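One structure is given below, encoded as structure tokens.
The model shown is predicted, which means the values in this text are computed figures rather than measured ones.
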Amino acid sequence: MFRRPSIIFRTTAFVAVVCLALVALDCWNSWQSRTVQLKQMSVATANLARAMAQQADDTIKETDTALIGVVERVEYDGTGPAALERLHKVLAMRVAELPQLDAIHVYDKEGNWVVNSRKVQPQNLNNAEREYFIFHRDHEDRGPHIGIPVKSRTNGKLLVPVSRRIDNPDGSFGGVALATIDVEFFTRFYDSLDIGQAGAVALILDTGTMMTRRPFSPEMVGRNMLDTSLYRAYRTLGPVGTAEIKSAQDGVTRLNSFRRLSNYPLFVGAALSKDEILAEWWSETLWHTGGVVLLVLIVGFVGWRLVRQMELQNKTEAELRGARDALEKLNKTLNTLAMEDGLTGLANRRQFDVTLDTEFSRAMRDASTLALILLDVDCFKQYNDIYGHTAGDECLQTIGRTISNLAARRPGDLAARYGGEELAVLLPNTDVAAAAVLAEKIRSAVRDLEIVHAGAPDGFVTLSAGVDALSPAGTRQPPKELIQAADRALYAAKMNGRNRVCTAADRPTTE
């Protein structure tokens, strides 16, 4: 006789079916969302590629239009002095009108410069070996030619050459008219595009030569792209297409859309990182899946889940408290670092300014004095020039340690890096004489380090120091007056031969 399943079995089966249905529905919904997200991003990259292609096409079209006029003028007016003078003005005007242009040049049949748009005309320069010149010399085509990127011999910029052939009256080769587009013009436009952190865009010749790319690197300009997946996809799918490609440049998998320019032998590629495209989808999927799993657990194990949830809540609160304590500790560490000079270990300018205001206010309340020593490493630029910036950093670190050991003896004293090779010591409750004594100790201690300096008169690294002190309660002067007075004293020390200490009255102490 057929035995009816128990209520436990039926309930278990029902719960299992419901849970499986929920999981299956969530998986189907998540997959559909992923498909929609990729499709939307495919449309976005295609639109981006269309905009890039239009921008590049318009840019080159404007440049080529200017070249057509140049070729017509040269072939009709010739290259006499008067014609060249008028042409030079026209070229300069065209370059001023078109922001993408670096310059416009005209070369004779030997590759010598005839005229260009620059104020100063280059002399004795020949471009006969350039790719665009060889192309026009060997081809009778009168249309525009987009050459491989070149580096300017006059200003060192990376340039995209757009050129046209100039013919003699008999149809023979007469020279080349060249307009150069600054690669940075495209780079600025590409930098304005929202392509995420790992997105990439590129402008590439049909022959496989990279013109420019974002992320930009000078080494990328002119690179051969024939063996890359992007170029093979472009050749396979036609002038317009979209493909998922792993970049040969950085190994990032991206959704690539490419499009050939309407009028010129180039194509653009716009790519968004697949991980970035699906980041939001992943987040939503994890939330959905978590919700479904949570629901399944609630249906199957209500009681146990409640206890477990309480345990998880306690654990989470403990972790949050730990995270809070760690964050407070990190904030304290960061606050300390924000007030410390990373090179010398002394206080930085920010800490100096804060302490100066604080001590100035305290001196005003207590009617006490506040002294300042400004120190400057003598001939430090020459030291860097002779021994290099690494040695210069080590020198500043050594001097910083010396000053810290001598100056920061009392709780209120502060030794700081004021800027560059300038250092400062702030001394509350100290008059000029006492500050000058300390400054002399510092100067002498640094000299005794005997750090060799071939560019210094003494042959060793030395310091000059300016000292002043004031009583804020009596003078009512602002804190900057103390800095200015010490700076004037430092200037006096420099003018009196360096390696000395001067007070605000420009009286050098004993060397």
Side-chain angles (χ1 to χ4, degrees), residues 34-64 99-100 144 146-149 158 160 162 181-217 220-281:
R34 181 182 186 276
T35 302
V36 170
Q37 183 75 6
L38 289 175
K39 185 176 180 179
Q40 290 176 343
M41 289 300 102
S42 178
V43 173
T45 57
N47 289 335
L48 184 59
R50 182 182 294 108
M52 290 173 57
Q54 187 64 54
Q55 185 265 353
D57 205 71
D58 291 345
T59 298
I60 298 173
K61 187 66 176 177
E62 290 176 344
T63 303
D64 186 35
Q100 68 266 35
I146 313 298
I148 62 175
L158 291 172
V160 175
V162 182
I181 301 174
D182 193 345
V183 168
E184 189 177 345
F185 177 80
F186 291 106
T187 303
R188 288 194 299 269
F189 174 70
Y190 294 161
D191 286 343
S192 70
L193 302 176
D194 184 6
I195 58 173
Q197 297 296 319
V201 293
L203 177 64
I204 305 170
L205 272 173
D206 268 359
T207 55
T209 300
M210 175 73 76
M211 307 300 277
T212 186
R213 180 181 186 267
R214 173 188 169 191
F216 178 77
S217 171
M220 291 297 304
V221 178
R223 178 173 293 184
N224 189 309
M225 303 291 291
L226 292 177
D227 293 333
T228 63
S229 299
L230 173 62
Y231 188 80
R232 288 194 293 268
Y234 167 69
R235 283 302 183 191
T236 301
L237 299 178
V240 179
T242 300
E244 185 179 306
I245 298 172
K246 185 175 183 179
S247 172
Q249 314 304 324
D250 52 24
V252 177
T253 299
R254 297 184 176 94
L255 188 63
N256 286 258
S257 286
F258 44 84
R259 175 178 289 268
R260 191 183 190 277
L261 272 62
S262 300
N263 300 301
Y264 302 98
L266 298 104
F267 71 96
V268 296
L272 300 178
S273 166
K274 187 177 179 182
D275 288 341
E276 290 184 346
I277 291 173
L278 296 177
E280 185 176 352
W281 173 83

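- With values rounded to the nearest 0.5 angstrom, Phe216 atom CZ is found 9.5 Å from Asp191 atom CG.
- The salt bridge (charged side-chain N to carboxylate O under 4.0 Å, His left out) test applied to Glu280 returns no partner, not counting sequence neighbours.
- One N or O on the side chain of Arg214 and one on the backbone of Leu193 form a donor-acceptor pair closer than 3.5 Å.
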**Q.** Leu203 vs Tyr190, side chain to side chain contact (heavy atoms under 4.5 Å, CB included): CA-CA, chis, key distance, verdict
**A.** CA-CA 10 Å; Leu203 177 64; Tyr190 294 161; 3.5 Å; yes
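- Sorted by first then second residue, the side-chain hydrogen bond (donor to acceptor under 3.5 Å, both in side chains) pairs that include residues 263-276, not counting sequence neighbours, are Asp57-Asn263, Glu244-Lys274.
- With a 4.5 Å cut-off on side-chain heavy atoms, Thr45 and Arg254 do not count as touching.
- In plain terms, the two heavy atoms of Pro215 and Ala200 that are nearest each other are CD-CB, 4.1 Å.
- Between Tyr231 and Phe267, the angle of the ring planes lies from 30° to 60°, which puts this pair in the tilted group.
- Between the side chain of Arg260 and the backbone N or O of Ala53, no donor-acceptor pair lies under 3.5 Å.
- Nearest heavy-atom pair, Arg235 versus Asp206, reported as atom, atom and distance to 0.1 Å: NH2-O, 2.7 Å.
- Contact check for Ile146 versus Pro265: side-chain heavy atoms found under the 4.5 Å cut-off.
- Rounded to the nearest 0.5 Å, atoms CD1 (Ile60) and CZ (Phe186) are 5.0 Å apart.
- Heavy-atom minimum distance, Ala233 versus Ala243: CB-CB, 4.3 Å.
- Without hydrogens or angle criteria, Arg213 side chain to Ile204 main chain gives no donor-acceptor distance under 3.5 Å.
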Q. Do Met211 and Val183 pass the side chain to side chain contact (heavy atoms under 4.5 Å, CB included) test, and can you show the C-alpha distance, the side-chain angles, and the key distance before you say yes or no?
A. CA-CA 8 Å; Met211 307 300 277; Val183 168; over 6 Å; no
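- For Arg50, the side chain to side chain donor-acceptor pair (under 3.5 Å) partners at least two apart in sequence or on another chain are Asn47.
- Considering every non-hydrogen atom in both Pro149 and Thr209, the closest pair reads CD-CG2, 3.8 Å.
- Note: Asn256 CG to Lys246 NZ = 13.5 Å, rounded to the nearest 0.5 Å.
- The two residues Asp227 and Arg232 come nearest to each other via the heavy atoms O-NH1, 2.7 Å.
- The distance from atom CD of Glu62 to atom CD1 of Ile181, rounded to the nearest 0.5 Å, is 9.0 Å.
- The heavy-atom pair separating Leu158 from Asp182 by the smallest distance is O-OD1, 3.6 Å.
- The closest side-chain heavy-atom distance from Leu261 to Val268 is below 4.5 Å.
- Between Phe185 and Val160, every side-chain heavy-atom pair lies at or beyond the 4.5 Å cut-off.
- We find the CZ-OG distance between Arg223 and Ser217 to be 7.5 Å, quoted to the nearest 0.5 Å.
- Interatomic distance, Leu230 CG to Ile245 CD1, rounded to the nearest 0.5 Å: 5.0 Å.
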